[in-house]
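The block underneath contains the structure these notes are about, expressed in structure tokens.
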Amino acid sequence: MTTSTPAGRPASPRLRAAVRDIPAYVPGRPPAPRPGLPTYKLSSNENPFPPLPEVLAAATDAAARMNRYPDMGCTALYAALSERLAVPASHLAAGTGSVAVLYHLLQAYCEAGDEVVYAWRSFEAYPIAVSVTGARSVQVPLTDRDGAARHDLDAMAAAVTDRTRVVIVCTPNNPTGPAVGREELERFLDRVPPHVLVVVDEAYREFVRPVEAVVDAVELHRTRPNVVAMRTFAKAYGLAGFRVGYVVAAEEVAAAVRACALPFGVSSVAQAAAVAALGCEERLLERVDAVVAERERVCAALRDQGWRPPEAQGNFVWLGVGDRAAELAAAAEGAGVMVRPFAGDGVRVSIGEPAGNDVLLSVAARFAPPPS
Ligand SMILES: *Cc1c(COP(=O)(O)O)cnc(C)c1O
């Protein structure tokens, strides 16, 4: 028996270079149980409300058929979305969370040497999803005028080259909060060539106020076939744990995304819960109103403390504390609240139960910038 390797062959499986360089996703941590101290998870932008009874019942029902594969065609979900959004089912592609759908879309359209343009700082899944394809991320800095932390759409349009395949616009932007305006998005789309896909990540669109101001990429895709609306059931619809999201796109684009998707990806339980959630959308959106009211209360209190947070249009607020991000996160954890620090940059705090938000406010008061 020999253990030597024939000359010229690697001794171990050879990883693709693109995969070796993938940055790790850092999930928001849950709080460790602390006897006598209530704890709150404000680190993952989750919906603080427990499921509505109908949604739970639909999921439980579906769970009773776990010996069967799910409907691979997501028929009931596509039918419900198709009616709700007034789009043909052929324009839909669902996956295990909108992050998975983004992976499939990038896989369908990008290869090594291609470029994907997006703002930075933005959703940390983007650089990972781009890296997997071997394409290159082109990160366009957010504007920092007065800490506004908004997309710089002019700079993003200017960053589009012959190698650009996809542009991602995150509105509202995770983790900083501002939303892109309707008109500025249209002006931007006018400048992007039609062969470049523009994915509008609308994960938090239900939280934008006033509602008349919210960008609607589903509407835009009707006249601009390079626009892709990406939406999720994870946030406003409270199904983060079930993993279901989708894109609305031109027929060829949706078909390409479905072609790259894992067979039977979206579980029967997730499909049933998503359909049920669409059926009680009004009550879910009332809960979104409650989160928005809490967001406004938290932002007003922060401003009273001397903070100037960027416009918060999602279910979270951004504290741009720079080098003190880890320190603030540790102080919050000590008080029972988990937040999401971004080293050297800032801290994202999800809007949760009022009591948890109050604890966060008491911690934030100790880090407030001195009055200028
Ligand atoms: C939470 C979030 C999503 C949704 O991800 P899922 O995979 O659907 O849970 C998408 N985009 C952004 C910017 C998010 O913050």
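The structure presented is a predicted model; accordingly, all values stated were derived computationally and were not measured. Numbering of ligands and ligand atoms starts at 1, following listing order. We use all heavy atoms of the structure for the numbers below, so side chains are in, but hydrogens, waters and symmetry mates are not.
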Query raised in the report: Hey, which of Val198, Val248, Asp216 is the one that makes side-chain contact (heavy atoms from CB on, under 4.5 Å) with His221?
Result: Val248

Query raised in the report: Regarding Tyr237 and Glu281, is there a side-chain donor-to-acceptor distance under 3.5 Å anywhere?
Result: yes

As a test of reading the model: which N/O atoms of the protein lie under 3.5 Å from N/O atoms of ligand 1, and at what distance?
from, atom 1, to, atom 2, distance (Å)
ligand 1, 5 (O), Ser98, OG, 3.4
ligand 1, 7 (O), Ser98, N, 3.1
ligand 1, 7 (O), Val99, N, 3.1
ligand 1, 7 (O), Arg243, NH2, 2.7
ligand 1, 8 (O), Ser98, N, 2.7
ligand 1, 8 (O), Ser98, OG, 3.0
ligand 1, 8 (O), Thr232, OG1, 2.6
ligand 1, 9 (O), Arg243, NH1, 2.7
ligand 1, 9 (O), Arg243, NH2, 3.2
ligand 1, 11 (N), Asp201, OD1, 3.2
ligand 1, 11 (N), Asp201, OD2, 2.6
ligand 1, 15 (O), Asn174, ND2, 2.8
ligand 1, 15 (O), Tyr204, OH, 2.6
ligand 1, 15 (O), Lys235, NZ, 3.3

Report task. Ignoring hydrogens and angles, state whether a donor on the side chain of Gln107 or Thr133 is under 3.5 Å from an acceptor on the partner side chain. Result -> no

Query raised in the report: Has Glu83 got more than 12 heavy atoms of other residues, nucleotides or ligands less than 6.0 Å from its CD?
Result: no

Query raised in the report: Are side-chain N/O atoms of Tyr40 and Glu353 paired as donor and acceptor at under 3.5 Å?
Result: no

Report task. May I ask you to establish whether Arg340 and Phe342 are in a cation-pi arrangement, using a distance under 6.0 Å from NZ or CZ to the six-membered ring centre and at most 45° from the ring axis? Result -> yes

